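Structure first, commentary second.
As the structure is a prediction and not an experimental result, all values here were calculated from the model. This chain uses plain numbering: 1 for the first residue, then up along the sequence.
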Amino acid sequence: MPASVDSSLFTDLALDLDTQTSILHSTLLHPLIKSFPPHNHLAFAKSLYKAVEDQNEEVSEELLKIIMSFPPSKALSGYKHYPVPSSGEVLEPLWVTTLEDTNIISNGTTGLRTWGASLTLAEYFLSSPELVSKTNRILELGSGCGMLGILLAILGANVTLTDTHQMVLDRLVENVSINFANAEASGGSMSVLDFDWESEEFDILEEADLIVAADVVYHPDNIIPLCNVLKQFLFSRNTSGDQKYALIASTIRNEETDKCFKDELGKSGIKFERLSLDLPKQFIRVDTDLPVEILKLV
């Protein structure tokens, strides 16, 4: 379901009773949504109601019951559901389900919601799923609420999701638990660890073949500790003797901060290339006006 809803979402549909039923059973009455409701479920129902009235169609009893049953929502958090395209004989898509806050900053952290760079990096892996099979052991830095790492596990990777803020770690554990069965069924696995980049306890880096991170370059204070971690990781070899690499996705909010990061990469001896982002968009974004780039570091 979209992050925000208005009745124009239904403009191209003839909203007779059968269509209303189909929409409701694909959204608000879907078992996944009933188990893990998003924060905007009532807004979605009201928007559908308005669109039906605008077309002078009869409003279904199911839709009326839904609207009557929901009290006004003041929730600061809700569930989001991100589809993972099915393949082979699987007809139904799998889903990444995450509990996320609606506020940009909650309890002193930005890590309780999914940001645009995570979605872009997720789309990059969905467009090139062979990357997961070639680099099966993945370490995610600054996982936040875990959407990217969970998706990689559902694609079959063994993923270690990390952060350091206690509320973020608690949310990570909850979201990993929600999605664990889907990952396990796909041959993937997930674990959550507290990893402070300034601790210089880098044992966690030894087992990984690939580091991924999204929207971690947002403050100059993070840059040197992050580059120290990346340098320690990239200048070692994996168990097969191959060169390791990292993929860092960033929303460019401040060009000076972005330049500072790239300058520090150069000082650390880390080479990077900007990857092409001619990717099919599979997820809805809020901050679409800001550029996103993915760097491959070696």
If you look at every heavy atom in [X] and [Y], which pair is closest and at what distance?
X	Y	result
Asn254	Glu256	OD1-N, 2.9 Å
Asn158	Gly187	OD1-O, 4.4 Å
Trp197	Phe202	O-CE2, 4.1 Å

So does [X] have more than 12 non-hydrogen atoms from other groups sitting under 6.0 Å from [atom1]?
X	atom1	result
Lys34	NZ	no
Glu58	CD	no
Ile224	CD1	no
Glu130	CD	yes
Lys262	NZ	yes
Glu201	CD	no
Glu61	CD	no

Any side-chain to backbone donor/acceptor pair from [X] onto [Y]? Under 3.5 Å, distance only.
X	Y	answer
Ser186	Asn182	yes
Ser199	Asp196	yes
Ser26	Ser22	yes
Ser177	Val173	no
Lys244	Ala208	yes
Arg137	Glu207	yes
His81	Pro38	no
Glu100	Cys145	no
Asn179	Ile150	no

Grouping I, L, V, M, F, W and Y whenever their side-chain heavy atoms are under 4.5 Å apart, do [X] and [Y] come out in a common cluster?
X	Y	answer
Leu230	Leu193	yes
Leu17	Tyr49	no
Met167	Tyr218	no
Leu15	Leu64	yes
Leu141	Phe272	yes

- So Phe10 and Phe44, would you call those rings parallel, tilted or perpendicular, with 30° and 60° as cut-offs?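 Perpendicular: the ring planes of Phe10 and Phe44 meet at over 60°.
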
- Message: Could you tell me if Lys296 sits above the aromatic ring of Tyr245, with its cationic atom closer than 6.0 Å to the ring centre and no more than 45 degrees from the axis?
- Response: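 Positive - Lys296 is close enough to the ring of Tyr245 and near enough to its axis.
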
Scan side-chain atoms only and decide if [X] and [Y] contain a donor-acceptor pair under the 3.5 Å cut-off.
X	Y	value
Glu140	Ser143	yes
Asp16	Gln20	no
Asn175	Thr98	no
Asp194	Thr164	yes
Glu206	Ser236	no

- If you measure from CG on Leu210 to CG on Leu247, what distance do you get to the nearest 0.5 Å?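 Reported to 0.5 Å precision, the distance equals 5.5 Å.
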
- Check against side-chain contact (heavy atoms from CB on, under 4.5 Å), Glu293 and Asp258: CA-CA 10 Å; Glu293 68 177 13; Asp258 179 61; 3.4 Å; yes

- Please walk me through it: do Asp263 and Lys259 pass salt bridge (Lys or Arg N to Asp or Glu O under 4.0 Å)? CA-CA 6 Å; Asp263 287 347; Lys259 181 179 183 302; 2.8 Å; yes

- By salt bridge (Lys or Arg N to Asp or Glu O under 4.0 Å) - contacts of Glu123 (at least two apart):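 So Glu123 forms a salt bridge (Lys or Arg N to Asp or Glu O under 4.0 Å) with Arg285.
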
- Would you mind checking if Arg253 and Asp215 are paired as a salt bridge, meaning a charged N to carboxylate O distance below 4.0 Å?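 Salt bridge present between Asp215 and Arg253.
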
- Message: Between Asp101 and Arg113 (salt bridge meaning N to carboxylate O under 4.0 Å), is one present in this structure?
- Response: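 No, this pair does not count.
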
